[in-house]
Amino acid sequence: MTKNTADETKKTYTKQGAADAAAREGARVMGTVLVTSGTGKTGRRVAERLAALGVPVRAGSRDGSRAGSRAGGVPFDWQHESGWAAALDGAEAAYVAYYPDLAVPGAAGAMAAFGRLAAASGLRRVVLLSGRGEPQAAVAEEALRGACGEVELTVVRSAFFAQNFSQGALLDSVLGGELVFPAGSTAEPFLDIDDLADVVVAALTGDGHAGAVYELTGPRSLTFEEAARELARAAGRPVRYVPVSGPAYAEVLEGFGVSGPEAGFLAELFATLLDGHNSATTDDVKRVLGREAREFTAFTREAARDGAWRS
């Protein structure tokens with residue numbers, strides 16, 4: 001390691017150490033945080049991190065089950081507004097991850113209703129998970145912003161999750177050796193969910209994020225064909241990318257038991273997102289955390305070590 005490299009590494013860890021210390025200091029004075037969709041891919045990670053910092057956490061889920069050993073569960077269902085007020089009662093902040101997606105019909109109405117309740121309950125801070133480059137998601141963002149009044153709002157717009165290949169919708173495709181997807185040759189800056197969770201926790205527990213809109217990406221863009229090659233190398237099994245049209249992908253989803261309307265919506269959504277306008281990377285992960293976003297290669301290697309693609 002050269003002296004310059006060592007110096008840069010030291011600077012990176014010093015900045016990250018300062019950010020972690022700031023988060024711990026904020027956590028000591030932080031009240032209860034409601035994590036909606038608290039047992040989901042992002043909500044579970046956020047709840048675990050907050051609990052590790054000593055922040056009281058309510059992990060919302062349809063049945064009120066706990067997201068982890070240190071996070072208390074509370075009933076919260078996006079389809080049943082009547083239960084939201086109880087989940088918000090006494091909370092100081094909330095992480096909002098709307099299911100199934102902010103782009104679906106009805107999402108803007110749900111955000112407006114949640115924003116009104118958040119303001120009425122005395123919530124101080126909200127961090128909203130949104131989709132990068134999704135016009136309809138932006139409408140839902142604005143509905144929440146307009147309804148929550150003096151509540152501090154931070155919006156986190158995410159690129160395509162890297163973990164979709166290891167624990168999400170595309171896991172079966174990777175295990176089957178054919179990554180069937182309507183992305184053509186478009187490149188995507190895949191984001192590691194752990195980076196997303198760290199940014200969300202920083203925005204929930206630290207100051208200076210009110211009104212911010214962060215667009216989170218990985219450090220480089222890959223086509224799905226390139227991603228398939230990296231997945232194959234890490235998993236030690238053949239994985240090839242099979243590009244298909246949107247309608248053909250909808251048929252594939254229906255074959256897996258997805259309803260026709262939902263399959264059509266997803267195919268149309270992916271066509272919107274993967275037309276090239278989201279291909280550029282950003283440095284927002286580094287702006288918030290003081291370190292670089294995690295590389296896709298590092299994600300694949302760790303997922304392989306954890307057995308994500310064992311038959």
Side-chain angles (χ1 to χ4, degrees), residues 35-52 59-63 65-71 73 78 95 97-102 129-132 156 158-183 188-201 216-218 222 224 226-242 249 252-253 255-258 262-263 266 269-270 273-274 285 293-311:
V35 177
T36 71
S37 304
T39 56
K41 287 197 293 292
T42 69
R44 174 174 55 80
R45 286 170 166 84
V46 170
E48 288 172 350
R49 283 162 169 75
L50 289 170
S61 64
R62 282 192 290 266
D63 62 1
S65 61
R66 296 161 65 91
S69 59
R70 290 180 290 185
W78 282 113
Y95 169 54
Y98 181 76
Y99 181 84
D101 191 274
L102 281 184
L129 174 63
S130 187
R132 186 175 182 233
V156 176
S158 176
F160 199 95
F161 293 153
Q163 276 79 1
N164 284 334
F165 297 110
S166 62
Q167 54 187 258
L170 296 176
L171 173 59
D172 287 342
S173 295
V174 175
L175 292 175
E178 288 194 342
L179 186 57
V180 179
F181 210 69
E188 173 70 16
F190 300 103
L191 175 71
D192 192 295
I193 294 181
D194 287 324
D195 284 343
L196 169 74
D198 287 343
V199 169
V200 168
V201 169
L216 305 186
T217 74
L222 299 85
F224 275 69
E226 291 169 334
R229 286 200 293 268
E230 295 217 18
L231 290 164
R233 187 159 45 245
R237 60 194 307 151
V239 182
R240 71 184 185 97
Y241 171 52
V242 181
Y249 185 64
V252 170
L253 291 177
F256 281 105
V258 179
E262 183 178 357
L266 289 172
L269 176 63
F270 290 135
L273 296 179
L274 296 167
V285 168
R294 195 178 187 211
E295 258 281 352
F296 188 78
T297 302
F299 150 72
T300 61
R301 289 173 177 169
E302 182 173 323
R305 285 197 300 270
D306 291 343
W309 301 301
R310 290 180 192 147
S311 298

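Just so it is clear, the values below take in all heavy atoms, side chains as well, and ignore hydrogens, waters and symmetry mates.
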Any heavy-atom pair between the side chains of L196 and L129 that's under 4.5 Å?
yes
Reported CG-to-CZ distance for the pair D198 and R49, which is rounded to 0.5 angstrom
4.5 Å
Just how far is it from atom CG of L231 to atom CG of L170, taken to the nearest 0.5 Å?
9.5 Å
Counting only heavy atoms not in R62, do more than 12 fall under 6.0 Å of its CZ?
no
Residue pairs, two or more places apart or on separate chains, that pass side-chain hydrogen bond (donor to acceptor under 3.5 Å, both in side chains) and touch residues 166-182:
R45-Q167, E178-R240
Report yes if the side chains of L253 and E262 come closer than 4.5 Å at any heavy-atom pair, otherwise no.
no
So, T42 versus Y95: side-chain donor-acceptor pair below 3.5 Å or not?
yes
Locate the shortest heavy-atom distance separating L171 from A308; write the atom from each residue and the value.
CD1-O, 3.6 Å
Show the nearest heavy-atom pair for residues S130 and L102, with the distance to one decimal.
OG-CD1, 3.6 Å
L216 and V199, any side-chain heavy atoms less than 4.5 Å apart:
yes
Counterpart residues, ring-ring contact (aromatic ring centres under 6.0 Å, His included), relative to F181 (two or more places apart)
F160, F224, Y249, F270
Interatomic spacing from CG in D194 to CD in Q163 - rounded to 0.5 Å
6.0 Å
Where at least one partner belongs to residues 299-309, residue pairs that pass side-chain hydrogen bond (donor to acceptor under 3.5 Å, both in side chains), sequence neighbours excluded:
R294-E302
What are the two closest heavy atoms between F165 and L179, and how far apart are they?
CE2-CD2, 3.7 Å
So N164 and K41, do their side chains get closer than 4.5 Å, heavy atoms only?
yes
Could you tell me whether the side chain of V285 reaches within less than 4.5 Å of the side chain of L191, counting heavy atoms only?
yes
If you apply the rule side chain to side chain contact (heavy atoms under 4.5 Å, CB included), what do you find for L273 with R132, and how did you get there?
CA-CA 8 Å; L273 296 179; R132 186 175 182 233; over 6 Å; no
If you take all heavy atoms of P182 and Y241, which pair is closest and at what distance?
C-OH, 4.4 Å
Can you tell me if R237 uses its side chain to pair, donor with acceptor, with the backbone of G177 under 3.5 Å?
no
State, with a plain yes or no, whether a side-chain heavy atom of R44 is found less than 4.5 Å away from one of E48.
yes
Say whether, by atom type as modelled, one donor and one acceptor occur between the side chain of S37 and the main chain of A97 under 3.5 angstrom.
yes
